[in-house]
Amino acid sequence: LNVAGAPVNMSFSWRDDQMPQEDFYGIGQDTSESHRVSYRLDTTDITAAFEWQPFRRVFIGGAVAHLSPVLGRGTDSRFPSIEATFDPSTAPGLGGLPEFIRADATVGFDWRDNASHPRSGGHYQVTPSRYDGQGDNRTDFRRTNILLQQIIPLGNRYRRIELRAQAALTGADRLARVPVIYMPYVGGASTLRGFSTSRFQDRQAVSMSAEYQWEAWWALDAALFVDAGQVQHAAGDFALRSFVTSYGVGLRLHSNSKFLARLDLAYGREGFRPLLGFKYGF
């Protein structure tokens, strides 16, 4: 559809997830690997969304979603189930979760030369959301996701520096708690690659990455990267000395115009992690 001469895209989606071996280490920056437990997360997500492009590089969007999460006993035999170590005060949501209505708004600016395999430009996006627990306002909270990406060419299209930063900031009323399944985190392929997914969780999270990329072959880029991230209970608690870092090397397989796959070999203070992925960027 067109509104004021600009395209509007509308979508409706239904998604059902059954994830019996999700990891949790506790809340905060100082959690230990020895506290690792598993939990089961089953959830249904029904979403109606739209996106409008009033200008060539600018997009505005919104969405309303109905979420039906169930947090239960984990099935990973290597680690205790979550209820053996944590309770609802140390893992919010463990005592039972209501259904949620989530409302999102998005505004962004994208001037990359190619969204799938960019060699220059930038992408900046902000998405504030509100989660309303149906019948239980103790689970109501707000969350804002901020994504920033900048690609800087170094003389030609074959060498470049890519900078990425992201933040997930939450807020809630005095008596409300942010459920652990929706709590921001760092760790994993899109944030802190030398650590496992959701390794550090709390109510606020920030992460940054820098990559030097060069074309090793016409269909293969090589990369050197460093990541930094931290989580805190309050935004005012962020400090330079609290950042956790990881670094490594990577390979990016692509065609002339499309990203195909990536392999990252990352190292952090908890060891070495190989990461294979088929998605570019965040």
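Start at 1 with the first residue, then count along the sequence.
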* Asked: Using a side-chain heavy atom cutoff under 4.5 Å and only I, L, V, M, F, W and Y, what cluster partners does Trp14 have?
  -> Phe12, Ile46
* Asked: Between Gln150 and Glu162, is any side-chain donor less than 3.5 angstrom from a side-chain acceptor?
  -> no
* Asked: Hey, are Thr44 and Asp16 close enough side-chain-wise for a donor-acceptor pair under 3.5 Å?
  -> yes
Is there side-chain contact between [X] and [Y], with heavy atoms separated by less than 4.5 Å?
X      : Y      : answer
Arg273 : Tyr267 : no
His123 : Leu147 : no
Leu71  : Ile82  : yes
Arg159 : Tyr212 : yes
Thr139 : Phe100 : yes
Trp217 : Glu215 : no
Lys258 : His117 : no
Ser68  : Val70  : no

I'd like to know if [X] pairs up with [Y] as an ion pair, taking the criterion as any Lys NZ or Arg NE/NH1/NH2 lying under 4.0 Å from an Asp or Glu carboxylate oxygen.
X      : Y      : value
Arg193 : Asp227 : yes
Glu211 : Arg252 : yes
Arg102 : Asp104 : yes

* **Residues that Phe238 engages under side chain to side chain contact (heavy atoms under 4.5 Å, CB included), provided they are two or more places apart** => Leu169, Gln204, Val206, Gln230, Gln232, Ala235
* Residue list, side chain to side chain contact (heavy atoms under 4.5 Å, CB included) with Tyr25, at least two apart or on another chain -> Asp23, Thr31, Arg36, Ser196, Arg199
Throw together a table of side-chain donor-acceptor distances under 3.5 angstrom for residues 170-188, partners on residues two or more places apart or in other chains.
{"residue": "Thr170", "atom": "OG1", "partner": "Arg203", "partner atom": "O", "Å": "2.6"}
{"residue": "Arg177", "atom": "NH2", "partner": "Ser89", "partner atom": "O", "Å": "3.0"}

* Does CG belonging to Leu276 count more than 12 external heavy atoms closer than 6.0 Å? -> yes
Contacts of [X] that satisfy side chain to side chain donor-acceptor pair (under 3.5 Å) - sequence neighbours left out:
X      : answer
Gln134 : none
Thr47  : Asp45
Arg142 : none
Trp214 : none

* Could you pull out all residues at least two apart from Arg160 that satisfy salt bridge (Lys or Arg N to Asp or Glu O under 4.0 Å)? => Asp221
* Excluding sequence neighbours, so at least two apart, what forms salt bridge (Lys or Arg N to Asp or Glu O under 4.0 Å) with Asp202? -> none
Report all side-chain donor-acceptor pairs from residues 48-66 shorter than 3.5 Å, counting only partners two or more places apart or in another chain.
{"residue": "Trp52", "atom": "NE1", "partner": "Val3", "partner atom": "O", "Å": "3.2"}
{"residue": "Arg57", "atom": "NH1", "partner": "Arg112", "partner atom": "O", "Å": "3.4"}
{"residue": "His66", "atom": "NE2", "partner": "Glu99", "partner atom": "OE1", "Å": "3.1"}

* Asked: Minimum heavy-atom separation for Gly268 to Ser246, with atom names?
  -> CA-CB, 4.2 Å
* Asked: Which residues satisfy the ring pair (Phe, Tyr, Trp, His ring centres under 6.0 Å) test with Tyr39, sequence neighbours excluded?
  -> none
* To do: Classify the angle between the aromatic ring planes of Tyr124 and Phe109 as parallel (below 30°), tilted (30 to 60°) or perpendicular (above 60°).
  => parallel
